[in-house]
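Computed from a predicted model, the values in this text were never measured in an experiment. Labels below follow one simple rule: chain letters A, B, ... track the order of the sequence lines, proteins then strands, and each chain is numbered from 1.
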Amino acid sequence: MSDFEHLIYDAVKEAVQTVYGIDAEGMLVVETPRDPKMGDYSTSIAMRLAKQLRKRPTEIAEPIAEHLRTHFSQAKSVEVANPGFINFRISESSLTEMIGKIIEAGDAYGTNDSGKGKKVLVEWVSANPTGELHCGHARNAAWGDGICRLMEASGYDVLREYYVNDAGNQIVMLGESLISRYFEYFGKEYPLPEDGYHAEDVKKIAFEIAEKDGDKWLEADPKERLAYFMQEGKSRELKKIDEDLKLYGVRIDSWIHETLFYENDRERINTVLKRMDDLGLTYEKDGALWFKSTEYGDDKDRVLKKSDGTLSYMTPDIANHVYKVERGYPKLIDLWGADHHSYVTRMKAALRALGYPEDTLTVDLIQMVRMVEDGKEVKMSKRTGNAITIRELCEDVGVDAARWFFVSKDVATHMDFDMKLARTKTNENPVYYCQYAYSRMHSILEKAEGFETAEDFDQLNDEKELLILKMLSDFPNHVGEAALMRKPNKIADYILSLVKVYHSYYNSCRVINAEDPKLTSQRLALVKATSITLKNALNLIGVSAPESM
RNA sequence: GCGCCCGUAGCUCAGAUGGAUAGAGUAUCAGAUUCCGAAUCUGAGGGUCGCAGGUUCGACUCCUGUCGGGCGCGCCA
């Protein structure tokens with residue numbers, strides 16, 4: 001809640017207690033009315049008390065409002081409206097006090113302690129190191145980074161993690177594909193596996209290895225050669241992924257490799273399997289080891305160890321999730337592509353079966369993205385013929401537009417990414433509308449020299465000035481709420497609405513007026529506070545705040 | 001067949017825990033600039049919230065059914 005929401009909450013709670021002798025905790029909600037004409041804040045408490053008190057909501061509301069009028073000094077007005085809302089308007093002086101607080105807080109404005117230092121491990125992207133990141137990953141990456149930024153700003157202790165699937169068959173395929181391309185470089189034949197990787201970037205890596213190492217691997221021991229190409233391929237692919245994420249503005253703190261769980265004769269995995277066995281969660285059938293996941297709500301039991309002795313994908317991943325908890329993170333958030341949704345049940349089942357609390361793991365599914373141009377889906381990059389990569393996207397539409405688009409739409413919805421619109425550098429593109437507002441603010445502030453720094457703000461009484469101040473004061477509240485719900489798109493919405501009011505204000509009120517230095521200095525302070533808030537908000541979704549454009 | 005997600009204005013999308021007349025952007029139409037950046041602003045039109053029931057003071061929101069679209073139902077990862 002914002003400062004004002006807290007104040008109102010406490011005041012209303014006290015009023016209800018005094019007037020009716022009822023503890024409103026749990027039923028009291030302070031919200032912002034849709035229509036600002038209603039007031040700055042409102043509460044529906046009278047309607048919620050109606051049943052208990054057997055009276056009409058408006059009759060219940062009036063005595064509460066009357067009490068607040070005399071006891072709640074920050075409110076300019078407290079009014080009752082049908083069908084029983086109590087509406088508040090915050091006094092101008094309380095609002096203008098925010099300016100100083102925001103300027104003082106600077107980059108930290110918006111941070112809040114709603115996370116209470118809770119430790120959270122967010123695992124996302126986690127694309128296999130067998131190729132480049134593409135558009136689907138771009139949505140996942142932008143959203144996950146947004147969630148991390150929001151939680152960090154809200155006082156959570158966040159670890160940003162990427163799980164590298166480097167132990168499965170796909171890495172063998174990568175190695176074999178590279179060897180094939182390596183042979184090709186020297187004009188020799190080596191079969192490219194059918195389900196190998198045919199993409200251009202794999203070929204490029206193979207050629208790089210050929211240029212670095214020469215032909216020494218042509219006649220090398222096949223086992224040694226495969227191991228080398230697997231390792232080399234993986235690390236080069238990972239390096240590219242890391243670079244692309246950095247280009248995209250996404251920071252990863254921790255890279256956990258699947259092979260970690262295979263170290264020391266699968267020590268970590270065996271420990272987990274033993275725990276499951278001890279708990280009676282497994283059985284053998286058809287030469288394979290199974291997990292009784294149906295006992296935990298899954299459709300069917302799942303194989304942990306295949307009859308050939310190798311492990312199924314989920315087994316090291318269970319160890320991975322256990323390892324997260326063991327490192328001191330009781331709260332895990334994973335972002336997966338929606339095509340993995342069936343996997344959610346079994347992973348949760350495994351953790352619950354092992355005795356971890358139900359809410360240990362939260363999985364947010366990222367629905368599919370369709371890249372669209374001129375109303376038609378673009379499946380492939382025109383340049384490469386492969387899926388559009390995150391790098392191409394950054395070069396094509398820009399990082400800011402890409403991140404804005406991905407983050408401004410809830411990941412639960414299937415999204416159309418309009419390439420043409422994202423590329424557009426005009427008013428059609430909301431990201432530039434927002435950035436332009438920041439540039440305008442900066443432009444004004446550059447002209448601020450010669451004006452004193454305002455100490456008080458008694459002349460800021462334009463309707464739009466007060467609305468801006470109200471929105472600014474709500475910012476930390478929006479951040480905390482967006483973090484709690486893991487919805488960065490709420491910040492994009494907030495930015496749009498703030499910027500809209502600012503543009504409107506800019507057109508109706510002149511900030512700099514040499515004939516009225518007092519008003520000018522007060523308005524400059526307001527613009528300063530607004531620019532700080534806007535910049536911080538943009539930063540939360542990974543979009544830059546350009547001083548000129 | 002079973003499971004998960006989605007269905008809101010012409011288009012792209014918001015609407016957490018049920019609340020006031022369902023909102024933005026864009027597109028369309030009509031206006032605004034001797035002045036801080038017009039990548040701007042002001043206004044207008046545009047909706048059976050897929051459909052049908054139910055729950056209640058009140059449902060876009062919750063429940064049931066149904067239609068449409070996407071995704072998944074491997075000893076693949």
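Rounded to whole Å, the C1' atom of B/rG68 lies 7 Å from the corresponding atom of B/rG50.
Dashed line: the shortest gap from a side-chain N or O of A/K306 to OP1 or OP2 of B/rA77 is under 4.0 Å. Between A/K500 and B/rA24, a side-chain N or O to OP1/OP2 separation shorter than 4.0 Å is absent. Within the structure, a side-chain polar atom (N or O) of A/S443 is placed less than 4.0 Å from OP1 or OP2 of B/rG37. Note on A/K300: a side-chain N or O is less than 4.0 Å away from OP1 or OP2 of B/rG74. The side chain of A/Y433 places an N or O atom within less than 4.0 Å of a non-bridging phosphate oxygen (OP1 or OP2) of B/rC41. The phosphate of B/rU42 (OP1 or OP2) has a side-chain N or O of A/S504 nearer than 4.0 angstrom.
Each of A/Y432 and A/R48 lies near RNA chain B, and the nucleotide nearest A/R48 is the one positioned closer to the 5' end. Remark on RNA chain B: of its neighbouring residues A/S342 and A/K447, the 5'-side contact belongs to A/K447, judged by nearest-heavy-atom nucleotide.
The separation between A/H414 atom NE2 and B/rU12 atom P is 13 Å, rounded to whole Å. Summarising the geometry, the separation between CE on A/M371 and C1' on B/rG70 is reported as 17 Å, rounded to the nearest angstrom. In this structure, A/F417 places its CZ atom 16 Å from C1' of B/rC11, rounding to the nearest Å. In this structure, A/R370 atom CZ and B/rG70 atom C1' are separated by 10 Å, rounded to whole Å. Computed from coordinates, the A/N140 CG to B/rC71 P distance equals 18 Å when rounded to whole Å. When rounded to the nearest whole Å, the span between CZ of A/R346 and C1' of B/rC73 equals 9 Å. Distance CG (A/N507) to C1' (B/rG43): 14 Å, rounded to an integer number of Å. Atom CE of A/M368 and atom P of B/rC5 are 14 Å apart (whole Å).
Between A/W336 and A/H321, the two ring planes are perpendicular [angle over 60°; tilted spans 30° to 60°]. A tilted orientation is assigned to the rings of A/H478 and A/Y494, their planes being inclined by 30° to 60°. Below 30°, between 30° and 60°, or above 60°: for A/H134 and A/H137 the angle between ring planes is between 30° and 60°, a tilted geometry.
Within 4.0 Å of A/D493, counting heavy atoms only, lie sugar-phosphate atoms of the nucleic acid but no base atom. Residue A/S42 is classed as a base contact, given a heavy-atom separation below 4.0 Å to a base. Here A/D416 lies in heavy-atom contact (under 4.0 Å) with sugar-phosphate atoms only. Within 4.0 Å (heavy atoms only), A/M415 reaches sugar-phosphate atoms of the nucleic acid but no base atom. Using a 4.0 Å heavy-atom distance criterion, A/D339 is classed as a sugar-phosphate-only contact. Base engagement by A/A288 is indicated by at least one non-hydrogen atom pair under 4.0 Å involving a base atom. Among the protein residues, A/D410 comes within range of the sugar-phosphate backbone only, with heavy atoms under 4.0 Å from sugar or phosphate atoms but none that close to a base. Residue-level contact check: A/N513 touches neither bases nor backbone, having no heavy atom under 4.0 Å from any strand. Contacts of A/E31 with the nucleic acid, taken as non-hydrogen atoms under 4.0 Å apart, are absent. Among the atoms of the strands shown, none is found under 4.0 Å from any heavy atom of A/S497. The residue A/N87 sits close to a base: some heavy atom pair falls under 4.0 Å. Within 4.0 Å (heavy atoms only), A/S439 reaches at least one base atom of the nucleic acid. Looking at heavy-atom distances under 4.0 Å, A/N128 makes contact with sugar-phosphate atoms alone, never a base. Within 4.0 Å (heavy atoms only), A/C434 reaches no atom of the nucleic acid at all.
Of the possible donor and acceptor atoms, none in the side chain of A/S443 sits under 3.5 Å from a partner among the backbone N and O of A/S439. Checked by atom type and distance alone, the side chain of A/K464 never pairs as donor or acceptor with a backbone atom of A/V501 at under 3.5 Å.
Base pairing of B/rG25 is made with B/rC11, judged by Watson-Crick or G-U wobble geometry with both donor-acceptor distances under 3.5 Å. B/rU64 and B/rA52 make up a base pair, with Watson-Crick or G-U wobble contacts both under 3.5 Å. Pairing for B/rG46 is absent, judged as Watson-Crick or G-U wobble with the two contacts each under 3.5 Å. Taking a pair to require two hydrogen-bonding distances under 3.5 Å in either a Watson-Crick or a G-U wobble arrangement, B/rG3 pairs with B/rC71. When Watson-Crick and G-U wobble pairs are counted only if both distances are under 3.5 Å, B/rA59 pairs with no nucleotide at all. Using the Watson-Crick or G-U wobble rule with both distances under 3.5 Å, B/rU33 pairs with nothing in any strand shown.
When ring centroids are compared, A/Y41 and A/F88 stay outside the 6.0 Å threshold. Within the 6.0 Å centre-distance limit, the rings of A/Y436 and A/H503 are counted as a close aromatic pair.
The listed nucleotides are B/rC6, B/rG15, B/rA39; the one nearest the side chain of A/K490 is B/rG15. For A/A412, the listed nucleotide lying nearest its side chain is B/rC6; candidates were B/rC6, B/rA77, B/rU42. Checked against B/rC4, B/rC13, B/rU40, the side chain of A/Y436 finds its nearest nucleotide in B/rU40. Closest to the side chain of A/K409, from the set B/rA16, B/rC41, B/rA14, is B/rA14.
A/M549 has its side chain within reach of A/Q435: a pair of non-hydrogen atoms, C-beta onward, lies under 4.5 Å apart.
In this pair, A/F85 lays its aromatic ring flat on the base of B/rA20, centres within 5.5 Å and planes under 30 degrees apart.
Neither side chain, A/D334 nor A/Y163, offers a donor N or O lying under 3.5 Å from an acceptor on the other.
Between the side chain of A/H341 and the base of B/rG3, at least one donor-acceptor pair of N or O atoms lies under 3.5 Å.
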